[in-house]
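Within every chain, numbering begins at 1; the chains are lettered A, B, ... in the order of the sequence lines, protein sequences first and strands thereafter.
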Number of protein chains: 2
Amino acid sequence: MAQDTPVQPRPHRVTAADVAHQAGVSRSAVSRAFTPGAYLHQDKREHILKVAAELGYRPNALAAVLQGKGRSHLVAIVTGSLENFYDSEILSRLVQQLIAQGKWPVVLGGDDVPEADVMAVLGFPLDAMIVRGGSVPDEVVDHCAKLQIPMIVSGRILDHPGIDSVCCESEQGAALAVQALVEKGRRRIAYLGGQADLSSERERRAGFLSAMAAAGLAPVALTTGNYSYDGGLESTRSLLEQHPEIDGLFCANDAMALGALAVATGEMKRRVPETLSIIGFDDIALARWPSFGLTTIRNDIEETVSQMMRLLARRLDTPSAPAELVRIRPEFVPRLTH
Amino acid sequence: MAQDTPVQPRPHRVTAADVAHQAGVSRSAVSRAFTPGAYLHQDKREHILKVAAELGYRPNALAAVLQGKGRSHLVAIVTGSLENFYDSEILSRLVQQLIAQGKWPVVLGGDDVPEADVMAVLGFPLDAMIVRGGSVPDEVVDHCAKLQIPMIVSGRILDHPGIDSVCCESEQGAALAVQALVEKGRRRIAYLGGQADLSSERERRAGFLSAMAAAGLAPVALTTGNYSYDGGLESTRSLLEQHPEIDGLFCANDAMALGALAVATGEMKRRVPETLSIIGFDDIALARWPSFGLTTIRNDIEETVSQMMRLLARRLDTPSAPAELVRIRPEFVPRLTH
DNA sequence: CTGAAAGCGCTTACAG
DNA sequence: CTGAAAGCGCTTACAG
């Protein structure tokens, strides 16, 4: 098989025609050999499969998709930063469940996914697109929706007729946190939030503010830590320097809460929970680690992912179904930091 | 545009022919309008692009791949469990860099990727397949190689002519750890490893054993924690119960070391590093957190990923290039736990 | 049960 | 500069 032509830029992939030729049958027969229900004499099928195996043939999935009226089984996932544990845990489950359903996840991720990339992936006849959190601007999402590609959005709410979403009842979650703080006798409470343009942040903050008001309390401070550990670390440092009287801190996600906990108990020599309560949001795996024992508001990951999968299946089944919004009910998880 | 036929299983995707019809030009012209260098009257191109935008048309990437002699730009990534931070950090960078290079990562992941899934993804005319760690049995990898699909493997070494790999010089890394322990006066040293069938585990263990021997020491114990935090937790608990004399612990990855640290300083009331030194391996982001300050052996993630990308580019460029094995040089990172 | 033919949506020589 | 035609690799009626 050695060639004396110059480097082959792309090695020839063996094709149904090659197998047909080698096995002395028609291309239709080869195709049938790989199609479970198809009529084909048993001996013939075995022979074809054998030849195919020798040649290392497998049907080109792209050609199959193109030809049939079927689906591509390609599902794009646009995720937020994988360095933030919550998104990473979601992605992990999502990938596994999609694969288990026979779908192929094409992942675009990292902090800000360039709009051009999101548009470009739409070049594929995707079965669907899954968008996590605030990774993509609303306009892009809207635009995608016009392209008739089913979209499942999580972590934000988008009011578009064809877009399904699953989202935590964040306001209520924030209220649970405030309530827990107040019950422990905390009165000088601060809020550490994420990026102001994310709907999760807006809801958590709004929930915090109204629960505080309801408790007759004014927040000592409102600050932001970009939803990251390092952000939590830095913001909490200046927060506690400027307002040493703070005795309760609600963080809009666990990553920041863990950062807050580290500075508070480390550098700032605060005793948690004796003189300072810290409550996070999400309940990532790290929150359960004995090193932390972070008290938090659970934003159930399992449940979120299985709802996304359910919405996906439903949408694929009934493309014209009305948009569905699933609300995940938050839950207070007491541990050691409050 | 409303139809009174029953539910359309898959909404018609607008096609070049639709645009051609609507714009009153040939299908070739439509194609040219989307091909940067192609000859096409400027006015005509603009008109076509305008009509295309109205109709929400974009060329079907699958058809384009099928037709041309070009590449698909699809790259499969088979990753280990995303719950283990090291793989998750690698994946994150890999995805971003692939996208930046115009490749589309199709991700299969989770603990054990079913062999059938790995084989199935090969139905796509992939540009390449990237395999992380021990996520796939050697036989499958070998088989894939026969299919002429370029493979880049990281975290294990596979002796196959066409497979490139990048791998940490683990034996040397383990030796660095032992050396650091010995220099601190530790003499009763134990080893906490990962799954015995992974080549990284074999190398780290071998490196540990020979460095111990070189220092004239016999290991107090050799145990395993499955490379996970929880595994580290449990194994260390019984390790310290059975061998309270241990004064140095080398863990084959950071996740286990963090688990070890938690039990040791928590439940077991050991003082780290005063009476017990703990050293990890990898240097994941968590190791740098002030809450931990884990002393570890850096298995440079940035470097690993950029080498994988370099090998990929090289292989795509020269499919017949000889297999290359890149060794990443480990580095001792002293922090607070030794 | 089986093969020749049409067609999926595109791009790219080929001939104006 | 432009269109008609061929062909990428497949699957699926269609006619034996």
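- Looking at heavy-atom distances under 4.0 Å, B/F34 makes no contact with the nucleic acid at all.
- When each of C/dC8, D/dT11, C/dT2 is scored by its nearest atom to the side-chain atoms of A/R32, the top-ranked nucleotide is C/dT2.
- For the pair A/L66 CG and D/dC8 C1', the interatomic distance rounds to 9 Å; values are reported in whole Å.
- Of the two residues contacting DNA chain D, namely A/V14 and B/S28, the nearest-nucleotide position lying further toward the 5' end is that of B/S28.
- With D/dG3, C/dT11, D/dT2 as the candidates, the nucleotide lying closest to the side chain of B/H41 is D/dT2.
- C/dA13 is unpaired under the criterion used here, namely a Watson-Crick or G-U wobble arrangement in which both key atom distances are under 3.5 Å.
- A close approach under 4.0 Å does occur between a side-chain nitrogen or oxygen of B/S31 and OP1 or OP2 of C/dT11.
- Between A/V25 and A/V30 the shortest side-chain heavy-atom distance falls below 4.5 Å.
- Atoms CG (B/L62) and C1' (C/dT11) sit 15 Å apart, rounded to a whole Å.
- Note: OH (B/Y39) to C1' (D/dG3) measures 17 Å, nearest angstrom.
- Heavy-atom distances to DNA chain D give each of A/A16 and B/A29 a nearest nucleotide, and the one nearer the 5′ end belongs to B/A29.
- The side chain of A/Q67 lies closest to C/dC8, out of C/dC8, C/dT2, C/dG9.
- Looking at B/R58 and B/V14, their side chains never come closer than 4.5 Å, going by heavy atoms from C-beta outward.
- When the side-chain nitrogen and oxygen atoms of B/T15 are compared with OP1 and OP2 of C/dC10, one or more of them lie within a distance under 4.0 Å.
- Residues A/T15 and A/D18 form a side-chain contact, since some pair of their non-hydrogen atoms from C-beta on lies under 4.5 Å apart.
- Counting to the nearest Å, the C1' atom of C/dT11 and the CG atom of B/L40 are 14 Å from each other.
- Contact record, A/S72 with A/D127: N-OD1, 3.0 Å, taken as the closest heavy-atom pair.
- Classification of A/R310 and A/E303 as a salt-bridged pair fails, no side-chain N sitting under 4.0 Å from a carboxylate O.
- Between B/N60 atom CG and D/dG9 atom P there is a gap of 16 Å when expressed in whole angstrom units.
- A straight line from CZ of A/R45 to P of C/dT2 spans 10 Å, rounded to a whole angstrom.
- Distance, B/R71 CZ to C/dC10 C1': 19 Å, rounded to whole Å.
- When both pairing distances are held under 3.5 Å, D/dA4 makes no Watson-Crick or G-U pair with any nucleotide shown.
- Within the 4.5 Å cutoff, the side chain of B/I130 has no heavy atoms near those of the B/T79 side chain.
- D/dG16 and D/dT12 have their C1' atoms separated by 16 Å, with the value rounded to a whole Å.
- In this structure, A/R27 places its CZ atom 10 Å from C1' of D/dC8, rounding to the nearest Å.
- Between the side chain of B/S26 and the base of D/dA4, no donor-acceptor pair under 3.5 Å is found.
- Of all nucleotides listed (D/dG3, C/dG3, D/dC10), C/dG3 comes nearest to the side chain of A/V25.
- The side chain of A/K44 lies closest to C/dG3, out of C/dC10, D/dT2, C/dG3.
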